[in-house]
Amino acid sequence: MADFSTVCRVADIANGAAKMFVVNGKEIAVYNLAGTFYATQQACLHRNGPLSEGDIDGCVVTCPWHGWEYDIPTGEHLVDRKSKLATYPVKVENGEVKVAA
Ligand code: FES
């Protein structure tokens, strides 16, 4: 497994929001869901829409381009559960958010 890389501080992503970071050359969307952080690939499975710019409702992100919806913790598409975003381990240490990708 890849090493964890620091992407930001906890305070940099508001509750219910997301931001995109590049980790080891991969575009990763990092989400703050009520203080727990998750990471998925940034590109939507449909046509590579930017998921970090999507609306977040509970644990679901909606792609801003055409509305595909994903469960953030598992990366699963809400309708077609076999379609799945890549997800990445996240940990918080000393106020820093770290992603292994
Ligand atoms: S690119 Fe995400 S729904 Fe079309």
Side-chain angles (χ1 to χ4, degrees):
M1 175 181 288
D3 291 335
F4 281 87
S5 302
T6 299
V7 295
C8 65
R9 299 198 57 83
V10 166
D12 294 335
I13 306 177
N15 182 16
K19 284 189 179 172
M20 191 275 282
F21 301 94
V22 177
V23 181
N24 290 328
K26 299 174 191 165
E27 292 190 347
I28 309 283
V30 180
Y31 310 81
N32 176 355
L33 304 185
T36 301
F37 290 80
Y38 297 92
T40 71
Q41 68 185 63
Q42 162 78 343
C44 176
L45 297 173
H46 181 217
R47 297 203 179 156
N48 298 325
L51 293 175
S52 67
E53 298 173 23
D55 285 339
I56 296 170
D57 184 9
C59 63
V60 173
V61 61
T62 301
C63 178
W65 284 5
H66 317 97
W68 283 26
E69 295 177 311
Y70 300 92
D71 179 71
I72 293 167
T74 64
E76 289 177 350
H77 187 281
L78 284 200
V79 176
D80 177 7
R81 295 273 176 179
K82 293 189 300 299
S83 295
K84 208 166 169 296
L85 301 168
T87 58
Y88 301 95
V90 182
K91 66 181 179 182
V92 174
E93 273 179 353
N94 302 321
E96 294 181 333
V97 180
K98 302 180 179 204
V99 176

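Counting convention: from 1, in listed order, for ligands and their atoms alike. If you're wondering where the values come from, they're calculated on a predicted model, not measured in any experiment.
For atom 4 (Fe) of ligand 1, the set of protein N/O/S atoms nearer than 2.8 Å consists of His46 ND1, His66 ND1, ordered by chain and number.
Sequence neighbours left out, the pairs with a member in residues 74-101 that pass ring pair (Phe, Tyr, Trp, His ring centres under 6.0 Å) are Trp68-His77, Tyr70-His77.
The distance from atom OG of Ser52 to atom CD of Glu27, rounded to the nearest 0.5 Å, is 8.5 Å. Taking NZ of Lys84 as the reference point, atom OG1 of Thr40 lies at 10.5 Å (rounded to 0.5 Å).
Partner Ile72 forms a side chain to side chain contact (heavy atoms under 4.5 Å, CB included) with one of Ile56, Thr36, Leu51, Thr87 and no other, that one being Ile56.
Proximity of Val99 to Phe37: side-chain heavy atoms (C-beta onward) are nowhere separated by under 4.5 Å. A heavy-atom distance below 4.5 Å is not found between the side chains of Cys44 and Trp65.
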